There are 2 protein chains.
Amino acid sequence: MTQLNQITLDSQLCFALYTANKKYNHFYQEALAPFNLTYSQYIALLSLYEQAPMTVKELGNHLNLDSGTLTPLLKRLEKQGWVTRTRSTEDERQMIIDLTKMAQQNQADLYNRVTSCQKLLGLTTDQYQALVVAVDKISDQLDLVDADHLIATVPD
Amino acid sequence: MTQLNQITLDSQLCFALYTANKKYNHFYQEALAPFNLTYSQYIALLSLYEQAPMTVKELGNHLNLDSGTLTPLLKRLEKQGWVTRTRSTEDERQMIIDLTKMAQQNQADLYNRVTSCQKLLGLTTDQYQALVVAVDKISDQLDLVDADHLIATVPD
DNA sequence: TTAGAATAAATTGCGTACAATTTAGCTGAT
DNA sequence: ATCAGCTAAATTGTACGCAATTTATTCTAA
């Protein structure tokens with residue numbers, strides 16, 4: 001038997017990301033508790049605070065999510081009063097998502113809460129930004145190695 | 001209105017991690033396709049290749065997953081012939097998870113496939129390990145700021 | 001003009017994740 | 001010895017995330 005145990009869980013970048021992402025989810029669950037928002041709902045709102053209204057398609061492009069995820073998520077945000085969902089009159093295939101007045105009124109509170117919580121992380125702005133750059137680099141590498149390339153290149 | 005738009009999606013570490021993690025999932029979905037394994041099933045097997053048998057509890061400690069996730073996942077792995085699930089005789093509360101002969105026979109193939117795919121990422125060993133360290137550091141920071149601390153420290 | 005292709009969103013189905021509860025088995029203090 | 005409390009796993013319920021399909025609408029080329 002050759003060296004089989006070189007792949008340990010703790011040495012894997014995928015597992016580090018998987019773990020950090022889950023912990024971040026937990027972190028945001030607490031940060032967002034006063035607003036009754038999930039993390040996914042929060043990033044959808046973040047995107048809409050940057051630009052609204054947007055179609056489901058456009059929002060999906062920003063978040064890398066498809067309608068299978070967004071449709072039920074947005075229905076929940078609508079139910080809780082954060083967004084409106086309106087069929088476009090000029091193209092009835094499209095659903096226009098916009099922020100409610102309540103969402104706009106809560107923007108500052110939401111940002112303040114998140115910012116306060118983030119300060120507890122104990123990272124300097126430089127450290128934080130360096131990490132964003134490093135993690136984005138992983139995403140870029142993974143984009144290069146997309147599914148087709150991988151299937152075509154590596155035999156089973 | 002003060003500077004509200006300082007929180008952009010692309011500047012957020014959480015979103016970078018969230019995105020990279022999803023892309024990694026997709027990457028592994030292709031890498032693992034020949035074995036019909038999900039990413040979560042794969043890391044469960046990785047853990048068991050390092051140490052088997054294990055109870056569900058022990059496995060959950062390694063993976064940071066609870067029985068709500070592991071029980072159905074392990075039942076699927078059992079159904080596909082990778083693991084066995086046996087009630088412990090000395091403590092019947094515990095379920096002992098062990099690798100099947102098939103799982104052992106496929107270990108080398110699985111490792112080779114994953115290793116081949118990882119090479120396509122175009123990261124040197126040093127770069128890769130540096131990223132693991134960086135991402136683990138995020139997890140460590142998030143551990144420090146746990147739920148109780150956060151709730152106790154930051155007013156709504 | 002109109003049938004077929006393309007597109008947007010919704011739906012369906014499966015597999016996580018995880019909080020909360022339930023069930024079953026163990027353990028220790030009285 | 002026994003019962004209250006603890007523990008392990010399973011179960012329940014909710015919310016993603018995504019592949020695949022369906023439905024409705026728009027576009028486009030003959």
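These figures come from a predicted structure and were not determined experimentally. Chain identifiers are assigned alphabetically (A, B, ...) following the order of the sequence lines, protein sequences preceding nucleic acid strands; residue numbering begins at 1 within each chain.
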Winner on side-chain proximity to A:Arg93, out of D:dT26, C:dC26, D:dT11, is D:dT26
Euclidean distance, atom CG of residue A:Asn64 to atom C1' of D:dA19 [Å, nearest integer]: 16 Å
Same hydrophobic cluster for B:Ile96 and B:Leu70, using side-chain heavy-atom links shorter than 4.5 Å among ILVMFWY? no
Out of D:dA9, D:dG17, C:dA17, whichever nucleotide has its closest atom nearest the side chain of B:Thr71: D:dA9
Given DNA chain C, 5'-ward residue of the pair A:Asn25 and A:Gly68, judged by closest heavy atom: A:Gly68
Quickly work out the B:Lys75 NZ to D:dA9 P distance and round it to whole Å. 13 Å
Sorted by chain and residue number, the side chain to side chain donor-acceptor pair (under 3.5 Å) partners of B:Asp143 (sequence neighbours excluded) come out as A:Lys23
Checking C:dA9, C:dG25, C:dA17 against the side chain of B:Asp91 (C-beta onward), the nearest is C:dG25
Interatomic distance where CD belongs to A:Gln94 and C1' belongs to C:dA10 [whole Å]: 15 Å
Closest to the side chain of A:Glu92, out of D:dC16, D:dT25, C:dT11, is D:dT25
Counting side-chain heavy atoms from CB outward, which of C:dC18, C:dT16, D:dA10 is closest to B:Leu65? C:dC18
Please state how far atom CG in B:Leu70 lies from atom C1' in D:dA9, giving the value in whole angstrom units. 10 Å
What nucleotide, of C:dC18, D:dG17, C:dA8, holds the atom closest to the side chain of B:Lys22? D:dG17
Do we see a donor-acceptor contact under 3.5 Å between the side chains of B:Tyr28 and B:Gln118? yes
Find the distance B:Gln29:CD to D:dC18:C1' and express it as a whole number of Å. 8 Å
Side chain of A:Arg85 only, please: which of C:dA10, C:dA9, C:dG15 is the nearest? C:dA10
Calculate the interatomic distance between A:Leu45 atom CG and D:dC16 atom P; express it in whole Å. 11 Å
Side-chain donor or acceptor of B:Ser67 under 3.5 Å from a matching atom on the base of D:dA8? no
Grab the CD-P distance between A:Glu78 and C:dA9 for me, whole Å please. 14 Å
Residue whose closest nucleotide on DNA chain D lies nearer the 5' end, B:Met95 versus A:Thr38: B:Met95
